[in-house]
There are 2 protein chains.
Amino acid sequence: MARRNANGRAAVTISHVAEASGVSRATVSRVVNGNASVKPEIAERVRSEIARLGYEPSPVAQSLSLGRTSTVGMVVPDLGNPTFQSILHGVNQAAASAGYRVLVADSGESDVDEPAIVEDLRRRTDAVIVCSPRMSAESLNAVIPRVVPAVVVNRDEPVPAARVVVDYAAGIVALGRHLVDLGHRRILHLDGPPGSNAQAARAVGLATLAHTYPDLVVLREPCGATIAAGEAAFERARASGATAVIGFNDLVALGLMGRAAEHGWRVPDDVSIAGFDDIPFAHLSRPGLTTVHVALESVGEAAWGALSHQFAEAVGADFRSFTPVLVVRGSTGPALPG
Amino acid sequence: MARRNANGRAAVTISHVAEASGVSRATVSRVVNGNASVKPEIAERVRSEIARLGYEPSPVAQSLSLGRTSTVGMVVPDLGNPTFQSILHGVNQAAASAGYRVLVADSGESDVDEPAIVEDLRRRTDAVIVCSPRMSAESLNAVIPRVVPAVVVNRDEPVPAARVVVDYAAGIVALGRHLVDLGHRRILHLDGPPGSNAQAARAVGLATLAHTYPDLVVLREPCGATIAAGEAAFERARASGATAVIGFNDLVALGLMGRAAEHGWRVPDDVSIAGFDDIPFAHLSRPGLTTVHVALESVGEAAWGALSHQFAEAVGADFRSFTPVLVVRGSTGPALPG
DNA sequence: CTATACTGCGAGATCGGTTTCTCGCGGCGA
DNA sequence: TCGCCGCGAGAAACCGATCTCGCAGTATAG
C-alpha cells in the first residue's frame, strides 16, 4: 500500500523519482546529497524529475538510515516558568543555526517521572538537555550515562555529563555585599522551593555572607517562587524586623513590593527590597527593582555549545558556570539609622 | 555494523531479543504490542528476555514503519515572546496527555522562511500548529493544504484548515466602552507591528468604536509590541492630548506607565492607561493595569483539540474563537472634566 | 595490443520495526 | 480414518532512505 498523506496524494519517495528518471535509487540519493560523482547529464535529468514531482527526502527514513535525527531533546520541569522559557529560547536559537530542531518535554515538576521522560526523549533525539532536574542525585547519576550525549543545566553536584550552571551563590553574595555596604545588618531572605538546586545554592551564598560579616544577621523565611508567594510573605517580612529583604526571585520581590506599597511600607526608605534573575519587568516597578542579572539565553546557548562539542569529539564532561551580575536600581537604599 | 549508542554499548534491537528468545522478530513484535495471540509460555519467555536485555522499541523505526511519529510541530514567530510561550505551554500540556510530543520551531519573525519551516516541520511530525503566522495570506493558503492536519492560530481570514483565534476586536471594543463610560472622548491607541494579525484586528475594533460613539475621537500612533516601544511613545502620547491611552499589549502599556511616573504624569488622574493580554505582571504595577484578559493556555489546548479531532475523523476546517474579558484595575479612571 | 586504473552507476544489504501471507500441526466432526 | 478448520508462529515484504560492493566501459600506461 502506498503511503498517502492526509491529502490523499501519495507521498513521493525516492523510488518514484528513480523510476521516473530511469535510474536507480542510489543515483538519486547521490544527486540529492551531492557526494559521489554523477554524470552531469543524468544529474540534471534527476534534478528536473525531483522538481517536477516535488520530491523531498523523508526525515524519518533518513533518521533510521543514518542513525541521526538532527533533533535534540530538552526536558524542563515547567514550560510555564519564564526562566525555562528563556533557556529554551537560547537553546532553540543556537540549535536552529546548526540545522537542529528542539523537542521539548515538560515533566510537570514530577521528580519520579523525569528519568523515564529523559530516556524516552533521548530515543527520539541525538542528545538531551536536562534542565534544572527535580530528580534525586542518584536518579540523575543512573540515567545520565544511559543518554549521553547529554547536558545538565543547573545542578551543582557533579554528574557524568557536561554541565552548565548559574552561580547563584556568587550572585547572592554580591547582592548581600551591596546591602551591607548600604548599612544593612539584618537581612531577610525569602526562600524558594525547598528541594530546588537554586534554593540550595542560595543557602550556601547566605551562609558565606554570614561568615564574612560577623555582625550581619541573616534571616530566612519559607516562601516560594511566585508573585503570589511574595505577596503572602508580606506580613512575615514586616514582622521580621529586617531592614532589607531578598526575594528568591524577581517575582517574589515584585509581589512583596506590591503589598508593601499597598500598606504604606515605603521602598527603599522603610525597607530595601531586592530580587533575583532580572526579568524584563524588574526595571518597570516604582522604584526599579535591584536584582541580579542572569543571562539565561546565554545559558541555553552554552548548553547547545556543550552538546555540539560532544558531537564533534566524544569528549566527556566539561563545565560552564555563569556568574550573575548585580543590577542596582531604586528599590535598595541606605539602612535606617537605628 | 551494529549501531552503537554514544556509550559504546550496542543498542539492543528487536532482533537481539528474537534471537535470545529463540523466536522470530514478528513474535517479539506481537508480544510487545499485545495484539495477536501468542502462546503464554513463549510470551513470558520473550518478556523476560526483554527485561533482561533492557530492550525498548526504537521510535524512529516505528515511525517509519507505522507512518506515524506521535509528534506534532508548532511554529511560532518568536519563542521569546510570552504570548507564544503560553500557547506552547497549553499545547504541550494537552498533547502530552495524549502521548504526543511537541517539536518547536522559531521562524525568527521571518515571513519568507515560514512556509519552508512549516513544511519541513510537517515532514517530521503528524500535524502542525501554525501560530500567528507572519506569512502572507497567499502563502498561507498555498502551504496549508500541503501540510494537513494543521491548525492555524490567530489568523482572521479563512484558511483551508482548522482555526483558533482570539477575538481581539471584541476585546478592544470592551475596553473602549469602559473608557467611554468613564467619560473619555479622546483615546489614543499605540499600534503594534504593522503586518500582524493582532494589529489588524485592533484596527477593526477601533473602527467599530468610532462608529458606535460618534463623539469619540480615536487616535492612533505607531509604536510596537515591547516595553521599550511603550517607553519611547511617551512624548507622543502626552502630546496627543488624549485622556486615555491603550497600549498594543501590556508590555507597551507598562513601559508607558513607567515613563509617565518618571515625568509626573499621574495615572489615572492625568491620564488613563490600559493594556492588552493580562500578563501576570499587569496587576503588580502601581496602580494595577486595566487590561483585557486572554486565556492563552486555553488557546493552546484548543489548538490541540482541533488536531486530535482531525486525527479521529478526516473532517475539514472547524473554528474556535476566544473572547477576551475586560479586567478593570486602577490605571483607568474618570476623564478630567474639560 | 594488452594489462591496469579509474569512473559511473546499479544491485542489494541495511537501519529497526510492523504486517501480511503461508504453513504446520492438533482437534474435531463425518 | 480422512478431511477440514483454526491457532500459533515463521518467512518475507515493506516503510524510505543510505552506502558498500562490484561490474561494465573507457582512458592510460607499458
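In this text the structure is predicted, and so the values were computed from the model without any measurement.
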Report the residue (A/Arg25 or A/Val38) whose heavy-atom-nearest nucleotide on DNA chain C is the more 5′ of the two.
A/Val38
Yes or no on side-chain contact (heavy atoms from CB on, under 4.5 Å) for B/Ser196 and B/Arg134, after CA distance, side-chain angles and deciding distance?
CA-CA 7 Å; B/Ser196 77; B/Arg134 302 306 195 218; 4.2 Å; yes
Of all the nucleotides listed (C/dT18, D/dA9, D/dG16), which has the minimum atom distance to the side chain of A/Thr13?
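Among the listed nucleotides, the one closest to the side chain of A/Thr13 is D/dG16.
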In a check of side-chain contact (heavy atoms from CB on, under 4.5 Å) between B/Thr69 and each of B/Leu64, B/Asp126, B/Leu103, which one passes?
B/Asp126
Does the A/Asn154 side chain pair with the main chain of A/Ala198, one donor and one acceptor, at a distance under 3.5 Å?
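Such a contact is absent between A/Asn154 side chain and A/Ala198 backbone.
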With a 3.5 Å distance limit and no angle check, can you tell me whether A/Asn197 reaches the backbone of A/Asp156 through a side-chain donor-acceptor pair?
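Checking the backbone N and O of A/Asp156 against the side chain of A/Asn197, a donor-acceptor pair under 3.5 Å is found.
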Are any of [X]'s side-chain N or O atoms less than 4.0 Å away from OP1 or OP2 of [N]?
| X | N | answer |
| --- | --- | --- |
| B/Gln62 | C/dG16 | no |
| B/Ser24 | D/dG10 | yes |
| A/Thr27 | C/dC9 | no |

[X] [atom1] to [N] [atom2], straight-line distance once rounded to whole Å:
| X | N | atom1 | atom2 | result |
| --- | --- | --- | --- | --- |
| B/Lys39 | D/dG6 | NZ | C1' | 15 Å |
| A/Arg30 | C/dA11 | CZ | P | 11 Å |
| B/His16 | C/dC15 | NE2 | C1' | 12 Å |
| B/Glu19 | D/dA11 | CD | P | 13 Å |
| A/Leu64 | D/dC19 | CG | C1' | 14 Å |
| B/Asn33 | C/dT20 | CG | P | 13 Å |
| A/Ile42 | D/dG25 | CD1 | C1' | 13 Å |
| B/Glu41 | D/dG8 | CD | P | 13 Å |

Any donor-acceptor pair under 3.5 Å linking the side-chain atoms of A/Asp113 with those of A/Ser107?
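Looking only at side-chain atoms, A/Asp113 and A/Ser107 do not form any donor-acceptor pair under 3.5 Å.
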Is it the case that C/dG17 (base atoms only) and B/Ser65 (side chain only) share a donor and an acceptor within less than 3.5 Å, ignoring hydrogens and angles?
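It does, because a donor-acceptor pair links the side chain of B/Ser65 to the base of C/dG17 below 3.5 Å.
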Which is more 5' along DNA chain D, the nucleotide nearest A/Ser15 or the one nearest B/Ala26? Just name the residue.
B/Ala26
Name the nucleic acid region contacted by B/Val60, choosing base, sugar-phosphate or nothing; use a 4.0 angstrom heavy-atom cut-off, strictly under.
nothing
Base, sugar-phosphate, or nothing: which does B/Glu56 touch, judged by heavy atoms less than 4.0 Å apart?
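B/Glu56: backbone/sugar contact only, no base atoms under 4.0 Å.
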